[in-house]
Amino acid sequence: MSSFGNLLEQLVKETQNTSLCHFAPELVLCATIVSLLLLRLLSLDRWIPTYVAVLLGTITSLGLAGSQLLGLLNGDTHAEPFFSGLLMFDAFGAFLRSLLALFLVLVVALTVLTGIPDREDAPDFYTLLLGSTIGMLLMAQANNLLMFFIGIEMTSVPSYVMVGFLKGRKQSSEAALKYVVYGAGAAGVMLYGLSLLAGVLGTVAIPEVSTHLATILGSGSGISDATSRTVILAILMVLVGLAFKLSIVPFHFWCPDAFEGASAEVAGFLSVASKAAAFGLLVRFVYAFVGGANQVAAEVFTGLGIAIGAIAAITVTFGNLAAYSQTNIKRLLAYSTIAHAGYMLMAVSAMIVILAGGRSIEGMDYRAEAARCLEGLLFYLFVYLFMNLGAFAITALLRNQTFSEKIEDFNGVAYEAPVLCVCMMACVFSLVGLPPLGGFWGKLVIFSTLFVSGKIHWFMWVMLAIGGINTVFSLVYYIQILRAMFIKPRAEGARPVQIPTAISNYALLITVPVLLLGMFPTWTTELANKVATILLN
Amino acid sequence: MDSLGPELATYLSIAWLLPLVGFVIEVMNGFGQWNRLSRKAALLAIACIGTGFLFSSYAFCRWGTETNWAVFAEHESHDGHASVLDNPKEVGHDHHAENKSAVPLAYSGKFYTLAKFGNLELSLDYYIDSLTLLMFCMVTFIATCIHVFAVGYMSDELTIEYVDHHAHDSHGHHVHRLGRFYRFFSFLSLFCFAMLGLVIAGNIFQVFVFWELVGICSFLLIGFYTERKSANVAANKAFIVNRVGDFGFIIGLMILWTYCGTFNFTEYKSGETMKPGLFEMVRTAEGELTYTDDTHETVALHTSNEHGHWVAPQGESTKRRTIPYMLLVVAGLGVFGGCIGKSAQFPLQTWLPDAMEGPTPVSALVHSATMVAAGVYLAARFFPVFTSEVLLAIAYTGCITLFVAATIAVVATDIKKVLAYSTISQLGYMMLAIGLGGWAAGLFHLITHAFFKSLMFLASGAVIYGCHHEQEMPKMGGLFKKMPITALTMLVGVIAIAGLAIPGTPIAFSGYHSKDAIVATALAYTQHNPVHFLLFMTPLVTAGITAFYMFRLWFYTFTGTPRDEHVYEHAHEVPKVMFVPLLVLSVLAAGCAIGGEHGQLFKMISLSEPVGLAEGVPASGVAQVTLPSHDDIHAVHSTAGVVALLAASLGTLTAFLLYCKPVVKPENIKNQFPGLHNFLVEKWYFDDLYEALFIRPSHAVARWATGFDRLILDGILHGAAKSTVIVSAIDRKFDEGFVDGIVNLVGNTTRRFGYSLRVFQTGQIRQYVMFIAVSVVALFAVLFALLPKA
Amino acid sequence: MDPLCFLSALIFLPALGALILVAFPSKAVDAMRMFTVAITVLVFAMTLNLWLGAGSFDSSIATIQPVAEGVSKPWIPDWNIHYRLGYDGISLPLVVLTGFVCVLAALASWSINKLHKGYFMLFLLLETGMLGTFLALDFFLFYVFWEVMLLPMYFLIGIWGGPRREYAAIKFFLYTLAGSVLMLIAMLMFYFGSGREFSLIKLAELAQDGHTFDYTTQVIAFVLLFIGFAIKVPSFPFHTWLPDAHVEAPTPISMILAGVLLKMGGYGILRIAFPLCPLGAQAAAYTLVGIGVFSIIYGAFAALAQTDFKRLVAYSSVSHMGYVVLGMAVWKINEHNGTDFWLQGMSGAMFQMIAHGVSSAGMFFMVGVIYDRVHHRNLNEFGGLANRMPLYSGLAAGIFFAGLGLPGLCGFIGEVAVVISTWNFSPLLAIIAASGVILTAAYILWTLQRVYLGAEYKGPHSEEIDHMPFNAREAFVAFTLLITAIVLGVYPAIVFDAMNPTLQGLVDSLQKAAPADAATAVTQALQ
Amino acid sequence: MEAVSLNSLLWVGAVLFVCGVICMTTKRNAIGVLIGVELVLNGANLNFVAFSRYSPLALDGQVAAIFVIVLAAAEAAVALAIAMNFYNCHLSIDVDRGDELHG
């Protein structure tokens, strides 16, 4: 029993000394949730608006996450697993946590401005929001297949509710039902895959996966035996679950419906945050397999990378084409979200291909190149945070004036809300990927990684071409929004739009980084590169 | 004497640029403060061109003085001009003085560089020889006369409300407009500038530049009555038909530029070294081509040797510049193509009669005396580059032209059209002469023709003015009594062009001498080349026709009984300002060629004759024609003179019998040959032919070009769209108006596809979930199918 | 002033002006107009200073100035991207042209009748984009400026354009974006092929050393780049955006579009496509010449069939810009003149760009003037303007003659220099190209006849012609253009002298990198 | 008692999984769909437990199973709530009635 006692003692010690510190941002968010509930319980929310507490909590969380990131980058602290290896404390995770926390702050600020949860529902809404975020933070740090699933579920369950939060609206309830059914189904498939994976590999700890896998794949019979096939099947099922979160074709169906049914704020939140977290998870998961792959596995994973790339290309194309015919701006942006997930998936695909096949290419520092892929992904996520939130936020802000989210109802608003519309223009052009906006730089980095990985397999060049063509196509539907705002005349008798300065400032606050990231991306790219290099070495 | 070249260049440049200054001032002030009633523009224009004449004359005198007037010294020998060249030669030529006796006296130099590409250089140069000087004097003099005449002729433009009886608005009223006196003179000034620039040009590129400029002046002047559609159409036609010729011109330029690397006529200074011009490159000092092979397929281009001679480097050096003989022919034909356009030669002669829409002084200056002669001038100037094939082509072109135009002139009734056709015909004579090697004869005719044709045009202008803008001869008749001065001066011109003379006496008008020279050349030529007998017969016959239609014109207009009382009633003699130029010109038309081949004018021209022509040129090339020497021509001169005179007299007599003392009614003849008459009246159907051959097809191609996007891509689009419709089972009309170009094709296809994707997005949860299952299975299958089998 | 600062000031002065415009009250239209004109004049003065000012441009130097590798500051160091500026004989004339056309376009902007502030801001931003494109020497920077230009253009056409403005604007945008995506891919090829280098000068050196980029790479890159630039030029078959964009754009924007934007295509070919892929360029030379010739003829024929005045001028641009592509590509050495004919073609092409910048801007302006009065552009419903508006018609005739290629005016020099250099390359194509002179004359003269000549004006709004006389501002713009056309036509050496050393250097280095006509080159070497 | 082989357990799990998927895809009733989800989750759970016995996964598998049960309960609760909400709006829990959002 003493060993158990020792174990327990060690656990407590570890928890107190390191794990809780590392877990501080999440803890702050938990505390915020509790305080929200308490505030309402004590009826204090009459004096203290809910959002004040939420903002306080989220900003604190952001500060903590940021300082952790800085610490890790400066080498003050070092990467280590915590909570007995369930979670991983490293720069990659810290980066995503900071990003998510920052995003959370911005979303909360947006909800304050749009007033989407009314006073009564605010604590519930923020509870769900924060809860979902905590799930995402877990996803970003998951170091264990179980945490993998827990993180996804923690993210998903509150978001189901948030989608259906607009009470009494048919569309909203329908969207939520679709989301939940689809999500639960996907989660089920993924879990089944996880169970197979864990069973076959005999471990749930992600860092151990690669060694176990190498043993299996290297056991002589290659991948043709049942075990290997089971592993591949399992991986595939897990990827289905992730693809659902990322809304990758063909697991994207929920996305437009859910986004259209949900309020723009929620849609914006889901489109960025759940993607960022899921990509974090995907990278970790994939790296676990590919990172230590041997020669046999290299071929398999190059194939896998290309397959993912093909799916990414299909996703981009599908997202862009389907967006053509949309009349609802949220729905249009939902398809745009799908397309952008495709672009980002391209980076992952390039990373897999380079990691798996780069060693055999002479003169290629494959780890550095892979780090560039990851850098591209992280940078893209960072820009995407601003530009996509910007687009959704401005939609939400204008919706509060026009009471509609139809594109045609935004006709001519540019002349009554110039700042918002100019910001929208910047965000939209950034989404298209035009310089000197951040989206361009993100695409450039990703395209460049595709180009480099093309040396390993020509298909990556095809993807590059597809990506390029899609950039052109995407212009057509994005510009519908701007055309409505700037070129079409305001409808006769339309209600005049008046935008308070605070709202304009908020829009500027989101948009200026888009511009700055495009003109001076160095700071961010270097940061992302550092993070990526640390993860991949 | 080194300074003479630049000095002459200075004088001529002043003469050349003064009209430009005049033009600028006239145009500026025309829009500005000058009112519509002011004659200042005319005075300025006359001052400019008059001063230009003085400077030209002074340059001429300077030249004469420096050469001690050797040209006018009595030298019976045809190579008399060699003595002139005892004087030191022109700038920069001293280092190969031993060549000088064979090279015509010429001064060349550069104004400034337009562009320089490595060793290639485009510049504005001058090239001054006796021909240049002569042309300057002739052009400025005639232009001055015509300017003066135009003051009278255009005086009805001095109004603020000019009624144009030939232009109607949509209600059928005459168009009222402001008078445009100043504009007319500013255009005339611009034309003078361009024409003189063409004459002084020292390289073929520069000729092209001014070639185009005279073309545009011609365009502006033909279309002077902008309200008249016919005038606009004629102006366009003139310019565009000329451009067709210029197309050939450019091809010639391209070939020469590519193979010779220069456009200069003669040697020029590039940096510190002298480089050969086109003439030195193509011809030796003896005026012959140098072949590099026995089959005569390649011509060597000369470069400077260590002694400063222009020779072809010997041996199989690849550095030797050569030009395929065929390309030299093509280049010559190309440049001649330009001449065809400008000089209205067959088959581009159709624009000139239409160009008579312009005011008559314009016809006199631009479309008879100067611009149209520029083609002949260029053909002469560029003579050294032409090979025998080109010369033969020139000869036949001239031959056909002179005949075709003369036949049409026989049936023309518009007084100016008759003159226009006669101009074409006479230009044909000039071309013929040049093609036959009668270089000096052709230019001789150019000068004499300039005088008598401008005279006749002005006279016809006077008639038109006197008859209040009536141009149809059938409405005239008997005008001699009303306007005797005009009639008499016109008669001088008619006699001159008909080539009448009293045999055995020196009494002969200018046209006799020059045409005589041409016919003599033709005769000598035919003697050497009997195959080409038509080149003698046709001009001979046409000489008769010429006399016939010119006298027909005169008799028709001035004699007989008035055919239209109204016109006759109002006819009156023209004012002094108009008839004085007529008188001046008639003196020159009659007397400018005094002495014929032994006269000063002919000698002056001969001085510039290309080397080697005097001795004749033996047969060579594909054409195998021999050019007669001066001696040959001289030998047949009297014979030719007699037959030509005979032909002319016959023509005159016929005209007299038909139109003055009608023995036979012209109508009867007309009715006898309705087909032929129609054929001639319709101008040999050239216009219709071109309409069908070129104008309509090019408009069709234009429509095709503009419809390419719509029609072709539309078809593709419809096909693509239809198949997409079937595939996606969506039948929705889409905006056909956007269908324009490939972008739309792609755009619409993708949009369609986008719409079709909505089918999948059914909104039904069960199907969504089904997708999960199906997708997983499908992905699994695909992945396993693709994975490498270890 | 430090050259980098000066060039940056030149580029960003208009952008600064646009920012200042924000502060103007919306009602102060005249103030905004004058302010914009003042800014453009200032920029033009700076460009002139760059050209003529003491010590700023030495026309005898072939390399980039003020220093051979361009003045630069690191911009995005981890990508080795520099903010690198400089000018030489190729870009400087175009920079000056930009300054010049912008002044006149600003003066032509009086006809803009709504949302003045937005218009002038976008106008100035556009100028920044254009100047930046011409002055940038870093591929990435070039690309950024290239794209930056798109946005204002889209809105300028889309908001202030004609009835089908949305369509035209998006068409323009799509075409150019498609081109720039291709350019982007080529850019990546060079970037990674060269070991992460974006400097156009270094890339050119690497490309011309013959080892860094192999033949296949160069051909692919050239095709990508050429399509990107050909869209802008525009060459057949990438030209169909142009008529729409021109027809719908407001007059001053048409002027800029024709006067400057199209030149970027030609400039890109000379600055990037040729130096960076000499082998590819050489392999494609015949195709390029073919495209150039076909564009000349096709554009001219298409122009002949138009009934819309502006569309006609737009197609004439297609035709005229065909000479540019043609002239650049006549890459063949001649036994005696070496690369001189190619140099001539290039110089002619460059000159043609300048000349077309002047003449087409003028033509569009002249169309705009009459459009402002009668509000239609149907060629069959004009006529008689020569009497109604004599000064206008006279100036218009002059400018159209410049487009026609009349000697003494700017259009002639470029066209003729290009055409006569072509025979050396291909006699057949030379002949076809030369036939363009006939068609050009035909459509221009026919246009003049239908618009200015004739007995009377046949279209609607006849009274407006009398109510709105040709005013001094318009006359000034037209006069300036005509005088420039004449000066360039009479003394083209001012432009040729400025650009010839640079072009000579370019031609020599390209010929060295990809010897044309190898047999001849060997023979020459043996001697 | 003869020990049940791993494969047999996995087969049961697989059957559960497939049944669940079929249930999800065919049931029109929202509750039925949720039942399908539960079947799928339980199939996975069975795998975990089975592996915990037969593979090095050991206790981790059982822990995972417990967590999954908890999460499944939470999810089911939320899903039912959402289904209730849907019913309130549509007066039906036929999932095919939710077809407003499409295209």
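In what follows, chains carry the letters A, B, and so on, assigned in the order in which the sequence lines appear, proteins first and then strands, with residues in each chain numbered from 1.
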Toward chain A, the part of D:A14 with a non-hydrogen atom under 4.5 Å: both
Closest non-hydrogen atom pair between A:G164 and D:N85, with its separation: O-ND2, 3.8 Å
A:L196 versus chain D, the contacting section by heavy-atom distance below 4.5 Å: both
Top of A:V163, A:V180, A:L145 for chain D proximity - count of heavy-atom pairs under 4.5 angstrom: A:V180
Between A:N144, A:I150, A:V161, A:N328, the one whose heavy-atom pairs under 4.5 Å with chain D are most numerous: A:I150
Contact check, side chains of D:L41 and A:Y192, non-hydrogen atoms, under 4.5 Å: no
Heavy-atom contact with chain D under 4.5 Å, split by part of A:L146: side chain
Side chain to side chain, A:E174 and D:C89, heavy atoms closer than 4.5 Å: no
Close side-chain approach of A:M237 and D:F17, heavy atoms under 4.5 Å: yes
D:N47 versus A:S195, closest heavy-atom pair with distance: ND2-OG, 3.1 Å
Inter-residue atom distance D:H90.NE2 - A:L177.CG, 0.5 Å rounding: 8.5 Å
Option in A:G183, A:P158, A:G202 with maximal non-hydrogen atom pairs under 4.5 Å from chain D: A:G202
Gap between atom CG of D:D60 and atom OG1 of A:T203 - 0.5 Å precision: 7.0 Å
From CA spacing to verdict: side chain to side chain contact (heavy atoms under 4.5 Å, CB included), A:L191, D:F48: CA-CA 10 Å; A:L191 185 70; D:F48 272 122; 3.9 Å; yes
Spatial distance of atom CZ (D:F86) from atom OG (A:S172) [nearest 0.5 Å]: 12.0 Å
